[in-house]
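Working notes, beginning with the structure itself.
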Amino acid sequence: DLGKGRQMPVHYGSKALNFQTISSPLTTQLPQAAGAAYALKMAKADAVTVVYFGEGAASEGDFHAGMNFAATLEVPCVFICRNNGFAISTPVKDQFRGDGIISRASGYGMYCIRVDGNDLLAVHEATAAARALALEMNRPVFIEAMSYRRGHHSTSDDATRYRDKDELEFWRVNRNPMTRFRNYLESKGWWNENKETEMRETERKSVLNALEIAEKRDKPSMDELFSDVYAEKPSHLIKQEEELKA
């Protein structure tokens, strides 16, 4: 466990892949991303920072702080807003007025583009173009991917309490991005039912195997509660650690 037992579920990260772990508090990742992009700029690195968030996060103060820092410092940062229509149970009509989130990017003097968030190829093209522009111009770029959250927000959320089942079914049948992309692959002769079945079975076994290995591993030591925050452990943490072990 690279997180040493200190992260919530599905809060993945990888130093080797330059993938920062998720911060649970809403929108804290935006000013972090602006800062990371500023560090890349200072180092003259051939790289950009990419940060993801939902339209609900755009109602937080950190959204504006992150956007303003990125714009005024002119850093290579790509902001990707996944506008799926709901901030948990709050629809966009109760979140803001105006044309989505993308109009705010113009207010900060950013390059921006809106894309069909349920079209995998369109998102890939928009992201590649945004990255190239951010790197070439050393400026932030904003992408608003228009999508729809068909599932529940979390295990404690029941989306049917604020959305009609017919609406959910419409999106499942007509706008499912997985179905759309599979249809495209099949139309090119690159995919079929046999490959789908084989892939699903292979991945199912892979997940079960990973789960079995993870369950056999020892839990992280209690010492990890006090590590990695400071280069040299301060006296108050040493005292707390000693009290815990007493």
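When a residue number appears, it is its place in the shown sequence, counting from 1.
- Hydrophobic clustering places Tyr52 together with Val123 (ILVMFWY residues linked when any side-chain heavy atoms are closer than 4.5 Å, directly or through intermediates).
- Atom CZ of Phe53 is separated from atom CD of Gln29 by 8.0 Å, given to the nearest 0.5 angstrom.
- Under 4.0 Å is where a charged nitrogen must lie from a carboxylate oxygen, and between Lys195 and Glu198 no such pair does.
- Salt-bridge annotation for Asp119 and Arg175: absent, with no side-chain N of the basic residue lying under 4.0 Å from a carboxylate O of the acidic one.
- Between His64 and Glu60, the closest heavy-atom pair is CD2-O, 3.7 Å.
- Counted within 6.0 Å of CZ on Phe63, heavy atoms from surrounding residues, nucleotides or ligands total more than 12; the atom is thus considered enclosed.
- Between Arg172 and Glu169 there is a salt bridge, with a side-chain nitrogen of the basic residue lying less than 4.0 Å from a carboxylate oxygen of the acidic one.
- Comment: Glu193 engages Arg182 in a salt bridge, judged by a side-chain N to carboxylate O separation of less than 4.0 angstrom.
- To the nearest 0.5 Å, the span separating CG on Asp116 from CE on Met146 amounts to 9.5 Å.
- Within the model, atoms CZ of Arg104 and SG of Cys112 stand 13.0 Å from one another, a figure rounded to the nearest 0.5 Å.
- Side-chain polar atoms of Asp62 and Thr28 form no donor-acceptor pair below 3.5 angstrom.
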Before giving the answer on salt bridge (charged side-chain N to carboxylate O under 4.0 Å, His left out), spell out for Asp99 and Arg114 the whole-Å C-alpha distance, their side-chain angles and the decisive distance to 0.1 Å.
CA-CA 11 Å; Asp99 184 16; Arg114 175 177 284 163; 3.1 Å; yes

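- A donor-acceptor pair under 3.5 Å links the side-chain atoms of Ser187 to the main chain of Tyr184, judged by distance alone.
- Residues Arg6 and Ser227 bring a donor and an acceptor atom of their side chains to less than 3.5 Å of each other.
- Residues Asn83 and Glu144 bring a donor and an acceptor atom of their side chains to less than 3.5 Å of each other.
- Annotation: Phe142 is not in aromatic contact with Tyr108 [ring centroid separation under 6.0 Å not met].
- The two atoms that bring Trp191 and Glu186 nearest to each other are O-CG, 3.4 Å, heavy atoms only.
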Under the criterion salt bridge (charged side-chain N to carboxylate O under 4.0 Å, His left out), I'd like the reasoning laid out for Asp223 against Lys4: C-alpha separation, chi angles, the key distance, then a yes or no.
CA-CA 10 Å; Asp223 295 340; Lys4 302 179 181 179; over 6 Å; no

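- Minimum heavy-atom separation, Ala134 to Pro76: O-CB, 3.7 Å.
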Between side-chain atoms of residues 87-96 and protein atoms elsewhere (two or more places apart, or another chain), which donor-acceptor pairs fall under 3.5 Å?
from	atom 1	to	atom 2	distance (Å)
Gln95	NE2	Glu55	OE2	2.9
Gln95	NE2	Thr90	O	3.0

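- Distance CG/Leu225 to CD/Glu241: 8.5 Å, rounded to 0.5 Å.
- Of all non-hydrogen atoms in Phe19 and Tyr12, the two that sit nearest each other are CE2-O, 3.4 Å.
- Note that CD1 of Ile238 is 12.5 Å distant from CD of Glu243, once rounded to the nearest 0.5 Å.
- Across Ile143 and Thr127, no two heavy atoms sit closer than the pair CD1-CA, 3.8 Å.
- Nearest approach of Leu73 to Lys41, heavy atoms of both residues: O-NZ, 2.7 Å.
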